[in-house]
2 protein chains.
Amino acid sequence: MTLSDIHIDFRSDTAITAQIVEQVKGRVLSGQLKPGNQLPTVRQLAAELRVNFNTVARAYRILDELGLISTQQGRGTYIWEPPEPGNAAERRLHALTQITQHFLNDAALMGFTVDEIHAEIERELARRLIEQPAEKGIKDKE
Amino acid sequence: MTLSDIHIDFRSDTAITAQIVEQVKGRVLSGQLKPGNQLPTVRQLAAELRVNFNTVARAYRILDELGLISTQQGRGTYIWEPPEPGNAAERRLHALTQITQHFLNDAALMGFTVDEIHAEIERELARRLIEQPAEKGIKDKE
DNA sequence: CTCGTAATTGTATCTTTGTAAAATTGTATT
DNA sequence: AATACAATTTTACAAAGATACAATTACGAG
């Protein structure tokens with residue numbers, strides 16, 4: 001896991017976390033680390049740098065929020081792969097259109113009328129609005 | 001073993017296991033998977049999804065406990081027989097409810113808000129009303 | 001047909017990996 | 001010196017993977 005050339009200056013007045021963030025960021029932006037590449041685990045890198053693994057974890061988290069890497073519990077952390085060329089928001093809505101059309105096709109095939117489908121959707125959406133009042137990052141569980 | 005349209009987002013903050021559970025659940029409830037049908041083996045599905053087979057096994061176990069499927073060591077996993085409810089009209093509407101919930105679940109997993117989903121549905125339904133004014137039993141195809 | 005062995009399928013358990021929160025350390029500031 | 005605050009470490013935990021195992025089936029030798 002080629003990240004061995006990272007160096008921490010313990011005497012520096014910039015925090016260790018910040019140092020890790022900056023150096024990893026540099027290697028990602030300069031292309032030394034390519035999309036999909038796996039980074040060392042928090043514990044591996046921590047051992048190399050003689051630092052606590054949670055400090056590395058915090059740095060990874062920041063990089064994650066910056067959109068540079070993707071951390072996945074139980075799997076590891078990877079350089080972010082840009083989903084594809086093109087507008088992200090556009091693709092997102094396109095995906096919604098796809099599954100919506102698929103759903104409507106199924107319903108039509110099953111012989112339901114537009115009115116029936118419309119009524120059912122309104123009913124279910126209303127139910128969800130009650131149960132999940134305008135939240136984001138829903139941790140579903142039942 | 002038609003379960004190839006399942007998709008895992010490793011960057012999502014919902015666990016892989018939960019993603020599998022939700023999507024299989026949707027396909028069972030919507031009738032895309034019928035009682036008695038065999039699901040892919042844990043290893044097959046795991047290979048497709050690029051995931052550890054034990055993660056799939058955990059998802060299957062949860063679905064088993066939910067009463068949706070039946071996992072049998074050495075044999076495989078099968079869709080469970082659902083109790084037949086009420087009369088024909090009731091069952092028909094029930095089916096619509098199922099596929100609607102399935103659709104909304106998928107959309108929610110993909111991070112769409114209720115408002116977005118609602119807008120998209122209205123748009124697509126309007127389009128269909130124009131193309132197929134007040135028809136029943138539309139034999140659409142994608 | 002019967003038996004035994006190999007292959008297939010789900011299960012159990014432990015390890016690895018990242019996450020979260022409390023406890024500690026260090027450093028200013030008063 | 002006492003206090004407060006930020007950074008780090010400690011500790012416990014949750015999700016996913018690795019490995020070994022048990023139940024069932026498939027299949028060939030006899």
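Predicted model, so just to flag it, every value in this text is computed and none were measured. No hydrogens, no waters, no symmetry mates; every other heavy atom, side chains included, goes into these values. A, B, ... follow the sequence lines: proteins, then strands. Residue 1 opens every chain.
- To the nearest angstrom, P of D:dA16 lies 12 Å from CG of B:D13.
- Residues passing the side-chain contact (heavy atoms from CB on, under 4.5 Å) test with A:T100 are A:L96, A:L104, B:F103, B:E120, B:I121, B:E124, sequence neighbours excluded.
- Here the P atom of nucleotide D:dA7 and the CD1 atom of A:I8 are 15 Å apart, to the nearest Å.
- Counting atom types as modelled, A:R58 pairs no side-chain N or O with a base atom of C:dG18 as donor and acceptor under 3.5 Å.
- Between A:D9 atom CG and D:dT8 atom C1' there is a gap of 16 Å when expressed in whole angstrom units.
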Intermediate values then yes/no, side-chain hydrogen bond (donor to acceptor under 3.5 Å, both in side chains), A:N105 and B:R128 = CA-CA 10 Å; A:N105 273 341; B:R128 281 163 192 254; 3.2 Å; yes
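- The phosphate of D:dA16 (OP1 or OP2) has no side-chain N or O of B:T55 nearer than 4.0 angstrom.
- Applying the salt bridge (charged side-chain N to carboxylate O under 4.0 Å, His left out) rule to pairs touching residues 50-67 of chain B yields nothing, sequence neighbours excluded.
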What does nucleotides 7-12 of chain C look like as a protein-contact string, B for base, S for sugar-phosphate only, - for none, at under 4.0 angstrom between heavy atoms?
-> --BBBB
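- Atom pair A:I69:CD1 and C:dT17:P shows a separation of 15 Å (rounding to whole Å applied).
- The side-chain contact (heavy atoms from CB on, under 4.5 Å) check on A:L68 picks up A:K25, A:V28, A:L29, A:L63, A:L66, with sequence neighbours excluded.
- Between A:L45 atom CG and D:dT8 atom P there is a gap of 14 Å when expressed in whole angstrom units.
- When the side chain to side chain donor-acceptor pair (under 3.5 Å) test is applied to A:E22, no partner is found at least two apart in sequence or on another chain.
- Spacing between atom CZ of A:F10 and atom C1' of D:dT8 amounts to 11 Å, rounded to whole angstrom units.
- Residue pairs meeting the ring-ring contact (aromatic ring centres under 6.0 Å, His included) criterion with at least one partner in residues 7-61 of chain A, sequence neighbours excluded, do not occur; the list is empty.
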